[in-house]
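Ligands are counted one by one from 1 in listed order, and the atoms in each one are counted from 1 as well.
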Amino acid sequence: KETEDQLIIDAGQKHFGTTVCKSCGMIYTASNPEDELQHVRHHHRFLEGIKYTGWKKERVVAEFWDGKIVLVLPRDPSYAIRKVEDVQELVDNELGFHQVVPRCPNKTKTFLFVSDDKKVVGCLIAEPIKQAFRVLSEPTGPESVSSKECHRAWQCSDVPQPAVCGISRIWVFRLKRRKRIARRLVDTLRNCFMFGCFLRTDEIAFSDPTPDGKLFATKYCNT
Ligand code: ACO
Ligand code: ZN
């Protein structure tokens with residue numbers, strides 16, 4: 001069974017069943033012309049969006065064996081702002097967010113994880129906040145956990161807790177997940193958000209987390 005799946009994935013093109021594109025990560029049915037067309041459209045837009053050509057002036061805030069983290073601030077040159085907007089559009093698309101306007105656009109800090117092969121494979125958008133509401137419990141019933149419609153129905157406390165930094169978006173390219181990229185983005189955020197101090201995990205808050213986001217945040221904040 002496993003080898004069969006592998007064959008389909010490796011062949012990548014005309015096949016029945018589900019295919020994962022090795023470059024853009026989209027899962028689609030190659031035998032379905034409509035699906036295939038949708039993939040072609042997504043493929044080009046996505047790869048163009050995450051392409052990182054390198055900038056004359058870039059603020060590298062962390063370096064790793066497999067890439068680096070670049071910080072973009074609101075007054076940066078327009079080529080940097082444009083890249084952030086392009087990436088954010090891809091991320092919002094994937095998360096199903098529509099036109100979420102940041103509360104303080106001039107205080108937003110965006111961290112891009114740029115891979116060695118010059119692609120933006122991770123993105124974290126943070127803004128200053130004063131308070132946050134703790135997530136209280138899992139949504140009721142096992143069916144709502146798997147259901148996409150209910151995936152933001154976590155219950156929150158009515159009592160605000162003081163916080164410093166809100167993570168409005170965190171995203172890692174599908175094909176690069178579980179390589180600690182999100183963890184390194186948050187570590188770097190904690191180090192860079194306020195000059196001269198390393199934020200505690202209870203000073204950062206994840207806004208409106210998805211199931212993936214919640215699993216990550218829970219794990220991150222407990223270790
Ligand atoms: N399921 C279970 N545990 C997870 C998952 C998951 N999907 N993702 C992360 N974790 C836990 C694991 O314990 C992991 O450590 P391990 O791999 O050693 O077990 C630990 O968190 C660290 O994970 P990272 O490798 O640093 O996380 P990754 O780089 O894969 O990125 C992210 C996590 C950003 C949530 C990614 O899955 C993603 O982009 N998902 C789609 C977009 C999304 O839903 N983003 C969150 C939106 S909420 C918001 O923006 C505020
Ligand atoms: Zn593709």
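Comparing heavy-atom distances from atom 4 (C) of ligand 1 across K219, R178, K176, R174 singles out R178 as nearest. Of the candidates Y220, F216, F97, F206, it is F216 that places a heavy atom closest to atom 9 (C) of ligand 1. Looking at R184, R180, K214 and measuring to atom 15 (O) of ligand 1, the nearest heavy atom belongs to R180. Across T218, V121, T210, heavy-atom proximity to atom 47 (C) of ligand 1 is greatest for T210.
Counting non-hydrogen atoms of neighbouring residues, nucleotides and ligands closer than 6.0 angstrom, the CZ atom of R134 reaches no more than 12 such neighbours. The 12-atom threshold is exceeded at CD of Q131, counting heavy atoms of other residues, nucleotides or ligands nearer than 6.0 Å.
Using a 4.0 Å cut-off between a side-chain N of Lys or Arg and a carboxylate O of Asp or Glu, K57 and D76 do not qualify as a salt bridge. Under 4.0 Å is where a charged nitrogen must lie from a carboxylate oxygen, and between K51 and E48 at least one such pair does. Looking at R169 and D92, a side-chain N of the basic residue comes within less than 4.0 Å of a carboxylate O on the acidic one, giving a salt bridge.
The protein heavy-atom contact nearest to atom 33 (C) of ligand 1 is A182 CB, 3.7 Å. In this structure, atom 39 (O) of ligand 1 lies nearest to the protein heavy atom V172 N, 2.7 Å. In this structure, the protein non-hydrogen atom closest to atom 1 (N) of ligand 1 is L215 CD1, 3.3 Å. In terms of protein heavy atoms, atom 51 (C) of ligand 1 is closest to S207 O, 3.0 Å. From the protein, the heavy atom lying nearest to atom 41 (C) of ligand 1 is R177 NH2, 3.4 Å.
Residues I69 and L112 are not in side-chain contact: their nearest non-hydrogen atoms beyond the backbone lie 4.5 Å or more apart. W171 has its side chain within reach of E94: a pair of non-hydrogen atoms, C-beta onward, lies under 4.5 Å apart. L124 has its side chain out of reach of T110: every pair of non-hydrogen atoms, C-beta onward, lies at least 4.5 Å apart. No side-chain heavy atom of T53 sits under 4.5 Å from any side-chain heavy atom of K118.
Residue contacts with ligand 1: W171 is included, with a non-hydrogen atom under 4.0 Å away. For P211, the heavy-atom gap to ligand 1 stays at 4.0 angstrom or more.
Using modelled atom types, one finds no donor on one side chain facing an acceptor on the other under 3.5 Å when comparing D212 with T210.
Test V72, V70, V114, L71 against E58 for side-chain contact (heavy atoms from CB on, under 4.5 Å) and you get one pass: V70.
In L95, the part holding a heavy atom less than 4.0 Å from any atom of ligand 1 is the side chain.
Here the straight-line distance linking atom CZ of R183 with atom CZ of R178 works out to 10.5 Å at 0.5 Å rounding. Distance check: S168 OG to I129 CD1 gives 10.5 Å after rounding to the nearest 0.5 Å.
There is a path of hydrophobic side-chain contacts, each under 4.5 Å, that joins W65 to I181.
In the vicinity of P209, heavy-atom distances shorter than 4.0 Å reach the ligand 1 atoms 48 (S). Close contacts between ligand 1 and R169 involve ligand atoms 50 (O) [criterion: under 4.0 Å to a heavy atom]. Against a heavy-atom cut-off of under 4.0 Å, K179 is close to the following atoms of ligand 1: 25 (O).
Taking distance alone, with nitrogen or oxygen atoms compared against 3.5 Å, I167 stays at or beyond that limit from ligand 1. Of the N or O atoms in R183, one or more lie within a sub-3.5 Å distance of an N or O in ligand 1. At least one N or O atom of I170, backbone or side chain, sits closer than 3.5 Å to an N or O atom of ligand 1. Inclusion of E94 in the set of residues having an N or O under 3.5 Å from an N or O of ligand 1 is not warranted. The N/O atoms of D212, backbone and side chain alike, include one that comes under 3.5 Å of an N/O atom in ligand 1.
Of all protein atoms, those that are N, O or S and lie under 2.8 Å from the Zn ion (ligand 2) total 4.
Distance alone, capped at 3.5 Å, is enough to place a donor-acceptor pair between the K83 side chain and the G49 backbone.
Under the side chain to side chain donor-acceptor pair (under 3.5 Å) criterion, the residue pairs touching residues 185-199 are D187-Y220, R190-Y220, with sequence neighbours excluded.
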